[in-house]
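What follows is one structure encoded as structure tokens, with my remarks underneath.
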Amino acid sequence: MSRDPSSGILLVLSAPTGGGKTTIARRLAARDPLVRFSVSHTTRSARPGEKDGVDYHFVERDAFRAMAARGEFLEWAEVHDHEYGTHRSEWKRAAAEGRDLILDIDVQGGLQVKKAEPGCLLVFILPPSLQVLLDRLGRRAGERGFDLRRRLETALVELELAGSYDYNVINEDLDGAVDAVAVILASARLRPRACTARVDELRREITHWLRSTNVHSG
Ligand code: 5GP
């Protein structure tokens, strides 16, 4: 289905660490050509296997702060002692390509995006239980500097904000969660704001037809 070029959707996914949001966002972007995954800037260093420009744009703290001071970020936040931000060019590029942009960011960032772009969609991914969350965090516990207690304390604060989001998706199984987010996106693509150019064009065409065609009703 064709779409208005200016109707791009900003879809924010947030979750406590281990919620699975990165995988969900990546899978959705991989299966829907109209979705672009937003690659954030960060001051943390790359983990083994991570690629600059693919997983993150890895930058020095000074460079990050200078970009923030110039207002180049749509949102940015400090998470676990490192800075993370969504560069405005990500959104511009997606809009130019006629694609939606999916952001995998923390709750502080999500709320900033809502303020800047009220038409965005905030989706909070919930782990189905503490046990599942612990299992998922346990798998990452080998990471250097990983602190389970600190992650859970952060999760507690983040969960308080789940209610401020537009949607909550329980990540019981990955395929189901990806499908749920795809449904949210599909319904957002049917909002009137996504169709204003089409409506305007139809109105212009009907007006033109009425003026130029000599057909009388009755
Ligand atoms: P990690 O270092 O494990 O990749 O990410 C840590 C946290 O930072 C995750 O909750 C992740 O979603 C969040 N994050 C990643 N990129 C951004 C961003 O651009 N902005 C904000 N606010 N948070 C981000």
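Every number for a ligand or one of its atoms is a count from 1 in the order of the listing.
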Worksheet item: Is R44 touching ligand 1 with its side chain, its backbone, both, or neither, if touching means heavy atoms under 4.0 Å apart?
Response: side chain
Worksheet item: Of the backbone atoms (N, CA, C, O) and the side-chain heavy atoms from C-beta on, which set of E83 has a member under 4.0 Å from an atom of ligand 1: side chain, backbone, both, or neither?
Response: neither
Worksheet item: With the threshold set at 4.0 Å, does a side-chain nitrogen-carboxylate oxygen contact exist between D175 and R27?
Response: yes
Discussion item. Using a 3.5 Å cut-off on N or O atoms only, is V79 in polar contact with ligand 1?
Written reply: no
Response to the item:
The residue among L159, L133, V132 that forms side chain to side chain contact (heavy atoms under 4.5 Å, CB included) with L126 is L159
Worksheet item: Do the numbers put R26 on top of the ring of F37, so that NZ or CZ is under 6.0 Å from the six-membered ring centre and no more than 45° off the axis?
Response: yes
Practice prompt. Would you please determine whether Q112 falls within less than 4.0 Å of ligand 1 on a heavy-atom basis?
Written response: no
Worksheet entry | Ligand-residue contact atoms, ligand 1 with G109, heavy atoms, under 4.0 Å | 22 (N)
Worksheet item: ligand 1 and W76, any nitrogen or oxygen pair closer than 3.5 angstrom?
Response: no
Worksheet item: Would you call D166-R191 a salt bridge at under 4.0 Å N-O?
Response: no
Worksheet item: At a 4.0 Å cut-off, with the gap strictly under it, does some heavy atom of R47 reach an atom of ligand 1?
Response: yes
Discussion item. Does ligand 1 come near enough to D106 that some N or O of the ligand is less than 3.5 Å from an N or O of the residue?
Written reply: yes
Worksheet item: If you count the atoms of ligand 1 from 1 in the order shown, which ones are under 4.0 Å from a heavy atom of D104?
Response: 12 (O), 14 (N), 15 (C), 16 (N), 17 (C)
Response to the item:
Quick note on ligand 1: atoms under 4.0 Å from a heavy atom of K21 include exactly 9 (C), 10 (O), 11 (C), 12 (O)
Worksheet item: Near T86, which atoms of ligand 1 are under 4.0 Å from a heavy atom of that residue?
Response: 19 (O)
Worksheet item: Do any heavy atoms of Y56 fall under 4.0 Å from ligand 1?
Response: yes
Worksheet item: Do you know which of I206, T207, T213 makes side chain to side chain contact (heavy atoms under 4.5 Å, CB included) with L210?
Response: I206
Worksheet item: Out of S40, A15, G110, P16, whose heavy atom sits nearest atom 19 (O) of ligand 1?
Response: S40
Discussion item. Show me which atoms of ligand 1 lie under 4.0 Å from any heavy atom of A77.
Written reply: 22 (N)
Fill in: Side chain, backbone, both or neither: H80 near ligand 1, heavy atoms under 4.0 Å
neither
Fill in: For H57, the option from H41, H87, M67 that meets side chain to side chain contact (heavy atoms under 4.5 Å, CB included)
H41
Discussion item. Counting C-beta onward and ignoring hydrogens, is there a side-chain heavy-atom pair between V12 and E75 closer than 4.5 Å?
Written reply: no
Practice prompt. Report the residues that fulfil salt bridge (Lys or Arg N to Asp or Glu O under 4.0 Å) with R70, sequence neighbours left out, ordered by chain and then residue number.
Written response: E72
Worksheet item: Can you tell me if T42 uses its side chain to pair, donor with acceptor, with the backbone of Y84 under 3.5 Å?
Response: no
Worksheet entry | R189/D100 ion pair, N-O < 4.0 Å | yes
